[in-house]
Amino acid sequence: MLNTRDLEQRWLRYKIKSYVPYFTILISTVIISAIIYTFLNSDKKETTYIPEKTNKAPTKAPITKEVVLNTPKAPIVKETPEVKSINSKEPPVIISKVQEKKLSNVKDDSLKLAPSLGFMKNIQHATLPYYKEEPTKKHEKISKIVEETQEIEPQESIQEIVVIEKEEEKEEAQQINIKRRDDSNDIRDIIKRFKKNNNPALSLFVAKKYYELGEYHKAYNYALITNQIDRDIDASWIIFTKSLVKLNQKDMAIKTLKKYLESSHSGSAKILLDEIVSGKFK
Amino acid sequence: MKIVLLLFLTLSLYANIKQEMFSLYQNEKYEKVCTIGFDNFNKNSKDEEFISLYAFACLNSDYIDRLATPVAMLKFSKESRSNSAYFSVILMQKKLLYHALQDNYDLSTLKLPTTDYVLSKVFDLYSKLKKHEPRAFYLFEDEKDKKLTYKLYLSKDGKLNKMVIEEFYDTITIKRHVYW
């Protein structure tokens, strides 16, 4: 005959033992999370104010809630620029140049603080993947993009620019310039990423970088690509026309800016057009 | 196992927030970056890159008072300390200029560092004025570009007066900054 009591007790022990691993995992995770939590909040004492108390404020209705919290907000008006006459009954105070000069001597240039944006490079390197290849292969890929732009833009003058660019690329390849090679490595990585995700921000960055390096043909090409992906990026049109001016295509630059201004009424584009027409920007 | 997975998920979520903020920043969506940063600040209060990104986004979207926390928190690296000083100057200049406009406080005796930010430029131009009677508005010419002018005035809006800086280029309004 079976001893049911003994059997039941053995079953109970077996059942309890089966739960042991779950309990250990649970307890260990609780301990680990407690340690992490205390570690993260270890220097809370140092900071007097942390915005968590108010962090539910701004997402849905930022303006009204900020007023309550006394966190000022200053919206940038993104309306189309209007011509405003600055008239008022009271005479405006315009500082005379003599007074300005006298006082500006007092203020030292060394007192000017500038932002440090190096951390952005770190973020970029940390968040976006790298695709390292041999430099020769990368060079071929750059020229492929150049060829693509040739197909996109049927105008003869642009084709000429691209042909000149290829010749110049060969010349540049022969030169040894350490600083420039570092920059071009960065650019190549970004071009790689751009080819993967077609993000206009990346092509715009490449265009800007090439413009800074004085490689206006490439800057032109990448600005053109950016414009084709997204026609509403102001900065891209500006780099595009600036590159055209640098490539001695002033008339074309003016024409392009005028056309762009018809659709966008961009303030900065208007300023650039003014500067190009007046010869201030060369 | 589920808990471990959850932990990994949360960690990757934190990383994604910074990445998302960075790509938004690159696309010049500063106000959105500032708002996201504000909402997730406590979770990332140890990350100086996050704090710096948040602060620059808030600066570019004219949320100057939000710089107060980054000013206090950025201290561990040389770059952070430099940015902290940069933000604190702008914050101080905003407060002083507002005080001067509201209460006719004399700024001409002060000698402060400056920055390339529009508020600093206007602050410098205003502080060059000697003690004077309050005006309805001030027009300043940019020192480098004659066509660029700044209009500074107080906008009386309900209980609180707001400080407005308008940037003009050849009588065309380029930008309007409102602070209070």
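Reminder, nothing fancy here: chain letters follow the sequence lines and each chain counts from 1. Please read these numbers as outputs of a predicted model, since none were measured by experiment.
Within a 6.0 Å radius of CZ in Arg231(A), no more than 12 heavy atoms belonging to other residues, nucleotides or ligands are found.
At a cut-off of 3.5 Å, with distance as the only test, a side-chain donor of Ser120(B) or Gln93(B) sits close to an acceptor on the other residue. Between the side chains of His177(B) and Tyr117(B), not a single donor N or O lies within less than 3.5 Å of an accepting N or O.
Residue Asp47(B) does not touch chain A at all, counting heavy-atom pairs closer than 4.5 Å. Heavy atoms of Lys147(B) lying under 4.5 Å from chain A belong exclusively to its side chain. Neither the backbone nor the side chain of Phe50(B) comes within contact range of chain A, judged by heavy atoms closer than 4.5 Å. Contact of Leu204(A) with chain B is not made at all, since no heavy-atom distance falls under 4.5 Å.
A cation-pi arrangement is present between Lys151(B) and Tyr153(B), with the terminal nitrogen or guanidinium carbon under 6.0 Å from the aromatic centre and inside a 45° cone about the axis.
If you tally non-hydrogen atom pairs under 4.5 Å between each of Ser82(B), Ser52(B), Cys34(B) and chain A, the highest count goes to Ser52(B). Taking chain A as the reference chain and counting heavy-atom pairs below 4.5 Å, the highest number among Leu160(B), Leu53(B), Leu148(B) is found for Leu53(B). Among Ala201(A), Pro115(A), Ser33(A), the residue making the largest number of heavy-atom pairs under 4.5 Å with chain B is Pro115(A).
With a 4.5 Å cut-off on side-chain heavy atoms, Trp180(B) and Asn161(B) do not count as touching.
Considering Tyr25(B), Tyr63(B), Phe56(B) as possible partners of Tyr30(B), the one that fulfils the ring-ring contact (aromatic ring centres under 6.0 Å, His included) test is Tyr25(B).
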